[in-house]
Amino acid sequence: MNSFIGKRALASAVSLVGLVILVFFLSRLTGDPTNLYLPLDATTEMRDQFRELHGFNDPLIVQFGRYVGDLLQGNFGDSIRQARPAMDVVLEAFGWTLTLAVITMSLVTAAAIVIGSLAAFKVGGVFDRIATFFSLVGASAPDFWIAIVAIVVFAVNLHWLPTSGTGSVWHWILPVAVLFIRPFGLILQVVRGSMITVLGSAYVKTARAKGVRTRPIIFVHGLRNAMLPVITVIGDQAAAILNGAVVIETIFGFPGIGKLMIDSILLRDFAVVLAAIMVSALAIFLMNLLIDIAYAILDPRIRY
């Protein structure tokens, strides 16, 4: 198991290094941020001082070498816009996104596994048809459209919920509900399909013939063997939210890492962009590593 985890961690580290190099040079192609932070009537001397202060006068390869040296010392640079360490800005935003992801995926996973398993037990029944219909609708509906409709209906017309912010529990309902819909539809379909296959296997038929109750058949005998493809989809959806639900965070004014990345790219706050990409990548790599470990636990053949 240690060798298995080590190989996955090494592959993730190599990917992370490559990603940092790529993002560093691509971000510089967006242009000089000087004009975004200085007034229009700023003198040439003021512009030169700004570039010198932030190291933009140096050749690109020199800037990259300095950045790598700072990284090795644990220094991720300072935010131009907020004038404080970039990593502090990113971790503050990532905390909001992580909380949003944990709440959403906990609800999604529990609901999709239970409903998908029950739908698979009687394929073609009323419950199965209803669950399949709503899961397909949820998986197909675009997030931005659902978010806008939700704001218009529940915030503007009915005045039940706030449109944006994070001040209270009520502010979280719409973002969580909108983020819930697509992963729920996708995961439910995978759970249902996988459970249909498992419940049709010989050992499940034998358990039914012996008079084993429905609940143990579904949630003990069937679910464990049906979880491998489900774990993959759960991991993908969780990684997507951790990477920053950009559209949802922007529409609801949610101060997560997705919105922070978009704002920082537009304002060419390079240190924050790089720190945000690094934190997001680490979160995704960690998520993939946890999925691999779960795979190895559920199916010992994989670790070999």
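As the structure is a computational prediction, the values presented were derived from the model and not from experiment. These values consider heavy atoms only, across backbone and side chains, with no hydrogens, waters or symmetry-generated copies.
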N75/M87 under side-chain contact (heavy atoms from CB on, under 4.5 Å): CA gap, chis, key distance, verdict: CA-CA 8 Å; N75 180 11; M87 187 54 71; over 6 Å; no
Walk me through whether R182 and L186 qualify under side-chain contact (heavy atoms from CB on, under 4.5 Å). CA-CA 6 Å; R182 180 186 292 273; L186 293 172; 4.1 Å; yes
Should F252 and V178 be marked as a side-chain contact (heavy atoms from CB on, under 4.5 Å) after you check the CA-CA gap, both sets of side-chain angles, and the distance that decides it? CA-CA 10 Å; F252 289 106; V178 173; 3.9 Å; yes
Give the C-alpha distance, both sets of side-chain angles, the deciding distance and a yes or no for side-chain hydrogen bond (donor to acceptor under 3.5 Å, both in side chains) between N57 and E52. CA-CA 6 Å; N57 278 338; E52 185 67 29; 3.1 Å; yes
Begin from the C-alpha positions of I115 and F184 and carry the test side-chain contact (heavy atoms from CB on, under 4.5 Å) through to its verdict. CA-CA 10 Å; I115 296 175; F184 171 75; 3.8 Å; yes
Is there a salt bridge (charged side-chain N to carboxylate O under 4.0 Å, His left out) between D32 and R51? Walk through the geometry before answering. CA-CA 9 Å; D32 187 352; R51 294 189 183 97; 2.5 Å; yes
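Side-chain contact check for R192 versus V123: some heavy-atom pair is nearer than 4.5 Å. Side-chain contact between S264 and R81: present, with at least one pair of heavy atoms (C-beta onward) separated by less than 4.5 Å. By the 4.5 Å heavy-atom criterion applied to side chains, M278 and L71 are counted as neighbours. For the pair V273 and M261, the minimum side-chain heavy-atom distance is 4.5 Å or more. No side-chain heavy atom of M195 sits under 4.5 Å from any side-chain heavy atom of V230. Within the 4.5 Å cutoff, the side chain of D128 has no heavy atoms near those of the K122 side chain. Residues I248 and F254 are not in side-chain contact: their nearest non-hydrogen atoms beyond the backbone lie 4.5 Å or more apart.
Ring orientation note: the planes of F50 and H54 are tilted relative to one another, at an angle of 30° to 60°. Ring orientation note: the planes of F154 and W160 are tilted relative to one another, at an angle of 30° to 60°.
Atom CG of N35 and atom CZ of R268 lie 8.0 Å apart (nearest 0.5 Å). Taken to the nearest 0.5 Å, the CD1 atom of I234 stands 4.0 Å off from the OG1 atom of T109. In this structure, the separation between OH on Y67 and CD1 on I21 is 11.0 Å, given to the nearest 0.5 Å. Note that the CG atom of L100 and the CH2 atom of W172 stand 6.0 Å from one another [nearest 0.5 Å]. Taken to the nearest 0.5 Å, the CZ atom of R47 stands 14.5 Å off from the OH atom of Y37. Atom CZ of F134 is separated from atom CZ of R129 by 14.5 Å, given to the nearest 0.5 angstrom.
L36 and L266 fall into different hydrophobic clusters, where Ile, Leu, Val, Met, Phe, Trp and Tyr residues are linked whenever their side-chain heavy atoms come under 4.5 Å apart, directly or through other members. Hydrophobic cluster membership differs between L10 and L282, with clusters built from Ile, Leu, Val, Met, Phe, Trp and Tyr side chains linked at under 4.5 angstrom. L136 and I113 fall into different hydrophobic clusters, where Ile, Leu, Val, Met, Phe, Trp and Tyr are joined by side-chain heavy atoms under 4.5 Å apart, directly or via other members.
Listed here is the closest heavy atom pair of L19 and A281: CD2-CB, 3.5 Å. The shortest heavy-atom contact between T166 and P255 is CG2-CD, 3.5 Å. Between F270 and P33, the closest heavy-atom pair is CE1-CD, 3.9 Å. Nearest heavy-atom pair across A131 and L188 is O-CD2, 4.1 Å. Here the closest non-hydrogen pair linking L174 and P162 is CD1-O, 3.7 Å. Of all heavy-atom pairs spanning L274 and V20, the tightest one is CD2-O, 4.0 Å.
The backbone N or O of I277 lies less than 3.5 Å from no partner atom in the side chain of S280, so there is not a single donor-acceptor pair. A donor-acceptor pair under 3.5 Å links the side-chain atoms of R66 to the main chain of G55, judged by distance alone. Distance alone, capped at 3.5 Å, is enough to place a donor-acceptor pair between the S135 side chain and the T132 backbone. Here the side chain of D70 pairs no donor or acceptor atom with the backbone of F76 at under 3.5 angstrom. Checked by atom type and distance alone, the side chain of T97 pairs as donor or acceptor with a backbone atom of I257 at under 3.5 Å. At distances below 3.5 Å, at least one donor-acceptor pair connects side-chain atoms of Q63 with backbone N or O atoms of D58. Between the side chain of D78 and the backbone N or O of A83 there is no donor-acceptor pair closer than 3.5 Å. Between the side chain of T197 and the main chain of G193, a donor-acceptor pair closer than 3.5 Å is present.
In this structure, R28 is positioned above the aromatic face of F24, its NZ or CZ under 6.0 Å from the six-membered ring centre and within 45° of the axis.
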